[in-house]
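In what follows, every heavy atom counts, from backbone to side chain, and hydrogens, waters and symmetry copies are set aside.
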Amino acid sequence: DVVIVGGNESGIDLACHHAATGASVRVFDPATPWEPPKSSDPSLRLAPRSRLRLDATAAAKRITLDPRGVRRVRRSDRGFTVQLDDGSTI
C-alpha cells in the first residue's frame with residue numbers, strides 16, 4: 001500500500017504511477033483538488049492529462065481519494081504509521 005499526502009498535480013501523478021504498477025494507493029488532501037473546480041483559476045485544478053489518468057485509474061479502484069488531513073507520519077516496525085487530523089491512524 002502507498003499513502004500520498006497532497007492531491008495536486010505531483011501527488012496525483014505519483015498516485016497514478018504507483019497504481020499502474022498494481023499498488024493500492026490512498027491520497028490525502030483536505031483541499032480536495034481532485035473535485036470539480038470552484039474557480040476558473042487553472043492553478044486550483046488538475047491539468048486535463050492528470051484528470052484523465054486519475055479517472056482511468058480510480059475507475060480501476062486502485063486509488064482512494066480521502067479528504068482528511070495528515071497530522072503526522074512516523075516510522076514503525078511495520079513501515080510507517082500515519083496519524084490523520086481526526087485522530088485515527090492507518
| query | Considering residues at least two apart in sequence or located in another chain, which fulfil the salt bridge (Lys or Arg N to Asp or Glu O under 4.0 Å) criterion with Asp1? | reply |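 In terms of salt bridge (Lys or Arg N to Asp or Glu O under 4.0 Å), with neighbours along the sequence ignored, Asp1 is linked to no residue.
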Non-neighbouring partners of [X] that pass side-chain contact (heavy atoms from CB on, under 4.5 Å), sequence neighbours left out:
X     : answer
Arg78 : Ser76
Val70 : Val5, Phe28, Val73, Val82, Leu84
Ser10 : none

| task | Report the C-alpha separation of Val25 and Ile4 in whole Å, then their side-chain angles, then the decisive distance to 0.1 Å, and conclude whether the side chain to side chain contact (heavy atoms under 4.5 Å, CB included) test is met. | result | CA-CA 7 Å; Val25 182; Ile4 296 173; 3.8 Å; yes
| message | I'd like to know if Val3 and Ile63 are part of one continuous hydrophobic network [Ile/Leu/Val/Met/Phe/Trp/Tyr, side-chain heavy atoms within less than 4.5 Å]. | response |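 Different clusters.
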| said: Hydrophobic clusters here meaning ILVMFWY residues chained together by side-chain heavy-atom distances under 4.5 Å, can you tell me if Leu14 and Ile12 are in one? | reply: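 Yes, because Leu14 and Ile12 connect within a single hydrophobic cluster, where side-chain heavy atoms sit under 4.5 Å apart.
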| How long is the span from the CG atom in Leu46 to the CD atom in Glu35, to the nearest 0.5 Å? |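 Here the interatomic distance stands at 10.0 Å.
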| Inter-residue atom distance Thr81.OG1 - Arg72.CZ, 0.5 Å rounding |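 Between Thr81 OG1 and Arg72 CZ, I get 11.0 Å after rounding to 0.5 Å.
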Can you list everything that forms a side chain to side chain donor-acceptor pair (under 3.5 Å) with [X]? Sequence neighbours excluded, please.
X     : answer
Arg51 : Asp55
Glu9  : Ser50
Asp13 : Arg53
Asp77 : none

| request: May I ask you to say whether Arg68 pairs ionically with Asp86, meaning some side-chain N is under 4.0 Å from a carboxylate O? | output: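 Yes, Arg68 and Asp86 are salt-bridged.
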| Which atom names give the shortest non-hydrogen contact between Gly7 and Val27, and what distance separates them? |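 That would be CA-CG1, 3.7 Å.
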| Quick one: side chain to side chain donor-acceptor pair (under 3.5 Å) pairs with a partner in residues 17-29, sequence neighbours left out? |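 Pairs touching residues 17-29 that pass the test: none.
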